[in-house]
Protein chains: 2
Amino acid sequence: MGVSKTEMFTDSQNEIAVFAKAFGHPARVAILQYLFKLNACVCGDLVNEIGLAQPTISQHLKELKQLGLIKGNVEGTSVCYCIDTNNWTKMKKLMSAFLDQDITKENCC
Amino acid sequence: MGVSKTEMFTDSQNEIAVFAKAFGHPARVAILQYLFKLNACVCGDLVNEIGLAQPTISQHLKELKQLGLIKGNVEGTSVCYCIDTNNWTKMKKLMSAFLDQDITKENCC
DNA sequence: ATTATTAATCGTAATATTGCAATGAACAAA
DNA sequence: TTTGTTCATTGCAATATTACGATTAATAAT
């Protein structure tokens with residue numbers, strides 16, 4: 001019905017899915033890569049950089065912020081965003097544990 | 001409009017998003033973890049293991065198969081699935097490059 | 001105070017995703 | 001051949017996501 005049945009999965013599985021979903025749109029990937037590239041707050045030029053309409057970018061930023069992956073501070077008339085390094089590290093550990101599962105033998109298929 | 005504007009992003013960004021989307025549902029996370037845990041083909045018991053209806057599981061498997069993350073072989077009356085280790089490794093490199101971007105200084109926010 | 005600038009929010013349309021009942025296809029067992 | 005088993009596909013309903021125009025909120029500049 002369009003609703004994920006989260007109650008039948010572990011917290012860890014749901015958490016992985018939530019973070020993965022955040023990366024499941026190229027605009028959010030691009031935003032995060034840009035924030036990393038600048039290695040500083042980005043104030044204002046995200047709309048020009050990414051190429052989607054301002055409300056759309058704002059919506060993507062909101063999602064990333066709600067997940068804790070980025071932080072935003074009001075700076076006069078503009079808002080500055082940057083990576084939340086602590087939370088990024090936590091997220092990375094979770095995702096790495098999932099991605100790095102060992103493949104210890106040849107599979108049969 | 002519900003459509004991602006993929007044409008305005010790089011191939012790499014789109015590819016990351018596509019893989020991430022695959023992990024963006026706890027059922028697919030659970031399926032993959034189970035395949036890793038077994039470390040072999042799983043033939044048949046996925047529906048019991050995950051707890052969703054058979055057509056739903058089948059659909060999730062199809063998505064993972066289309067992405068190349070798992071392989072499936074018909075084995076008599078049942079179908080056996082396992083991780084496609086080569087493609088998993090490729091995917092992991094792509095995702096790791098994204099997740100491991102360096103945070104070289106304190107951010108300002 | 002008025003105007004300009006910037007970003008968030010609201011409202012809405014279009015499309016995608018999730019889930020499952022019903023059905024179909026393939027094969028094994030009898 | 002008939003029956004049972006297993007998985008894929010179809011069709012559909014419910015919900016989520018994506019995108020953006022219009023508007024609002026907040027502040028800066030004049």
Side-chain angles (χ1 to χ4, degrees), chain A residues 1-9 13-14 17-32 34-35 41-67 70-82 109, chain B residues 1-9 13-14 16-31 34-35 41-67 70-82 109:
Chain A
M1 305 158 179
V3 180
S4 296
K5 297 200 158 178
T6 57
E7 74 278 3
M8 48 189 15
F9 302 103
Q13 287 164 342
N14 283 314
V18 165
F19 281 124
K21 200 180 283 186
F23 304 141
H25 193 290
R28 291 190 289 267
V29 171
I31 288 171
L32 291 165
Y34 187 62
L35 290 181
C41 280
V42 66
C43 305
D45 54 346
L46 260 176
V47 173
N48 292 330
E49 185 65 24
I50 307 293
L52 292 170
Q54 179 266 323
T56 308
I57 298 289
S58 189
Q59 198 174 325
H60 285 308
L61 287 170
K62 189 181 174 186
E63 285 176 60
L64 294 173
K65 202 173 172 184
Q66 277 173 341
L67 270 180
I70 64 176
K71 291 188 284 191
N73 271 24
V74 177
E75 194 95 4
T77 174
S78 67
V79 177
C80 296
Y81 284 104
C82 65
C109 296
Chain B
M1 306 159 182
V3 181
S4 296
K5 297 198 159 178
T6 58
E7 73 279 4
M8 46 190 14
F9 303 103
Q13 287 165 342
N14 283 315
I16 289 169
V18 165
F19 281 123
K21 200 179 283 186
F23 304 142
H25 194 289
R28 290 190 290 267
V29 172
I31 288 171
Y34 186 64
L35 290 181
C41 280
V42 67
C43 305
D45 52 347
L46 260 175
V47 172
N48 292 332
E49 185 66 24
I50 307 294
L52 293 169
Q54 180 266 322
T56 308
I57 299 289
S58 188
Q59 198 176 326
H60 285 307
L61 288 170
K62 189 181 174 185
E63 285 176 59
L64 293 172
K65 202 172 172 184
Q66 277 172 342
L67 271 180
I70 64 176
K71 291 188 283 191
N73 272 24
V74 177
E75 195 93 5
T77 173
S78 68
V79 177
C80 296
Y81 284 104
C82 64
C109 296

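In the text below, chain A, chain B and the rest are named by the order of the sequence lines, each starting its count at 1.
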> Does A:His60 have a side-chain nitrogen or oxygen under 4.0 Å from the phosphate oxygens OP1 or OP2 of D:dT17?
Replying inline: no

> Distance-only, no hydrogens or angles: does the A:Arg28 side chain make a donor-acceptor pair with backbone N or O of B:Ala17 under 3.5 Å?
Replying inline: no

>> For the CD atom of A:Gln66 and the CG atom of A:Leu61, what is their distance to the nearest 0.5 Å?
In response: 11.5 Å

> Between C:dT6, D:dC7, D:dC20, which nucleotide has the shortest distance from any of its atoms to the side chain of B:Val79?
Replying inline: D:dC7

>> Under 4.0 Å, counting only non-hydrogen atoms across every strand here, what does A:Lys65 touch: a base, just sugar-phosphate, or nothing?
In response: nothing

> For D:dC7, does OP1 or OP2 lie under 4.0 Å from any side-chain N or O of B:Ser58?
Replying inline: no

> If you find the nucleotide of DNA chain D closest to B:Val47 and the one closest to A:Thr56, which residue's nucleotide is nearer the 5' end?
Replying inline: B:Val47

>> Does C:dA8 have OP1 or OP2 under 4.0 Å away from a side-chain N or O of A:Tyr81?
In response: yes

> Taking the side chain of A:His25 as heavy atoms from C-beta outward, which of D:dC20, C:dG19, D:dA19 is closest to it?
Replying inline: D:dA19

> Can you check whether A:Lys62 has a side-chain N or O nearer than 4.0 Å to OP1 or OP2 of C:dA7?
Replying inline: no

>> Can you tell me how far apart CG (A:Leu64) and CD1 (A:Ile70) are? Round to the nearest 0.5 Å.
In response: 4.5 Å

> Does a distance-only test, which skips hydrogens and angles, find a donor-acceptor pair under 3.5 Å between the side chain of B:Gln54 and the base of D:dA8?
Replying inline: yes

> Please walk me through it: do B:Phe9 and B:Ile16 pass side chain to side chain contact (heavy atoms under 4.5 Å, CB included)?
Replying inline: CA-CA 11 Å; B:Phe9 303 103; B:Ile16 289 169; over 6 Å; no

